[in-house]
Amino acid sequence: MITFLCRAYAPDECRSDQYNGSAYFADVPDDHWANTTIGWAFENGITSGVGNGLFGMGQTVTREQTMAFLYRAEGTPDTGTLGTDHYDDVPTNSDAWYQAPIGWAYSQGITGGTATNTFGFRSTPSREETMLFMCRTFAPAICPSSREPVAPTTGDS
């Protein structure tokens, strides 16, 4: 996800030696292929990792993390809406890091969740869902916004 964002927002910087994710995160090897994009994302405020000085190498990205990455890459726009304003499965802590990004994603038509009033909190988006979210963010003329739920795919078809 971080590499996709870097390539979308700053393609010339994705391989730049000026960024070094391993300088910020103990679990990012110096020679890892995503080291520079992770450093770019950290320095641009898109991620601060999963805590305790770790990026979360090898972990899957949840739907709420995906929305947070997109939201931060877009400059944390204030839409005045929270995830709990639209979805019943989003935990009610209004100060949580995921609230504004989920509310923003709904208000922008980036996602309508996985079912009526259901965001799909703590679930992992499929590759095609991730690409739809990115396309709706970066190329709305190609991928028009929608607040209609899209059921997750299993990859079996």
Side-chain angles (χ1 to χ4, degrees), residues 1-16 18-21 23-25 28 34 36-51 53-56 59-153:
M1 181 74 197
I2 294 300
T3 301
F4 292 152
L5 288 173
C6 188
R7 290 177 180 170
Y9 280 97
D12 294 338
E13 297 179 22
C14 291
R15 297 189 189 276
S16 172
Q18 81 184 70
Y19 298 108
N20 182 2
Y24 306 108
F25 303 110
V28 177
T36 56
T37 59
I38 293 167
W40 170 86
F42 178 83
E43 289 192 25
N44 284 281
I46 296 168
T47 187
S48 58
V50 297
L54 301 174
F55 174 71
Q59 295 181 12
T60 57
V61 177
T62 64
R63 289 176 65 85
E64 57 273 14
Q65 289 170 328
T66 299
M67 295 313 138
F69 291 155
L70 289 168
Y71 173 76
R72 293 173 189 152
E74 285 290 305
T76 63
D78 182 15
T79 59
T81 184
L82 301 176
T84 51
D85 294 340
H86 310 288
Y87 302 110
D88 296 335
D89 66 329
V90 175
T92 59
N93 179 352
S94 63
D95 294 329
W97 60 267
Y98 51 78
Q99 284 288 354
I102 293 172
W104 165 81
Y106 178 85
S107 71
Q108 299 302 303
I110 294 166
T111 183
T114 57
T116 303
N117 300 323
T118 304
F119 174 70
F121 196 82
R122 292 201 176 117
S123 67
T124 303
S126 65
R127 291 173 65 90
E128 54 271 26
E129 287 175 288
T130 301
M131 291 300 100
L132 177 63
F133 301 149
M134 291 189 69
C135 189
R136 285 180 174 170
T137 302
F138 304 119
I142 297 169
C143 302
S145 63
S146 175
R147 292 189 181 115
E148 292 297 315
V150 174
T153 56

| said: Quick one, Ile142 with Cys135, criterion side-chain contact (heavy atoms from CB on, under 4.5 Å). Give me CA distance, side-chain angles, the key distance, then yes/no. | reply: CA-CA 7 Å; Ile142 297 169; Cys135 189; 4.1 Å; yes

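- At a cut-off of 3.5 Å, with distance as the only test, no side-chain donor of Thr114 or Arg63 sits close to an acceptor on the other residue.
- Panel note: side chain Asn20, backbone Gly39; no donor-acceptor pair is recorded below 3.5 Å.
- At least one donor-acceptor pair closer than 3.5 Å links the side chain of Asp89 to the backbone N or O of Gly120.
- Between His86 and Tyr106, the ring planes lie parallel to each other; the angle is under 30°, not in the 30° to 60° tilted range.
- Using modelled atom types and a 3.5 Å distance limit, the side chains of Ser126 and Glu129 yield a donor-acceptor pair.
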| said: Asn93 vs Thr84, test: side-chain contact (heavy atoms from CB on, under 4.5 Å). Steps then yes/no. | reply: CA-CA 9 Å; Asn93 179 352; Thr84 51; over 6 Å; no

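- No more than 12 heavy atoms of other residues, nucleotides or ligands sit less than 6.0 Å from atom CD of Glu148.
- The aromatic ring centroids of Phe138 and Tyr9 lie less than 6.0 Å from each other.
- Contacts of Phe121 classified as ring-ring contact (aromatic ring centres under 6.0 Å, His included), with partners at least two apart in sequence or in another chain: Tyr98.
- Between atom CZ of residue Phe133 and atom OG1 of residue Thr111 there is a gap of 4.0 Å, rounded to the nearest 0.5 Å.
- Within a 6.0 Å sphere centred on CZ of Arg147, other residues, nucleotides and ligands contribute more than 12 heavy atoms.
- A donor-acceptor pair under 3.5 Å is formed between the side chain of Gln99 and the backbone N or O of Pro91.
- In this structure, Phe4 CZ and Thr66 OG1 are separated by 10.5 Å, a value rounded to the nearest 0.5 Å.
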| request: Given side-chain contact (heavy atoms from CB on, under 4.5 Å), test Arg136 with Ser146 step by step and report yes or no. | output: CA-CA 9 Å; Arg136 285 180 174 170; Ser146 175; 3.5 Å; yes

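- In this structure, a donor-acceptor pair under 3.5 Å is present between the side chains of Glu13 and Tyr19.
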| task | Step by step, work out the side-chain contact (heavy atoms from CB on, under 4.5 Å) result for Gln65 and Trp97. | result | CA-CA 9 Å; Gln65 289 170 328; Trp97 60 267; 3.8 Å; yes

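- Considering Thr79, Asp78, Asp85 in turn, Asp85 is the only one that fulfils the side-chain hydrogen bond (donor to acceptor under 3.5 Å, both in side chains) rule with Thr81.
- Rounded to the nearest 0.5 angstrom, Glu74 CD and Ile110 CD1 are separated by 7.0 Å.
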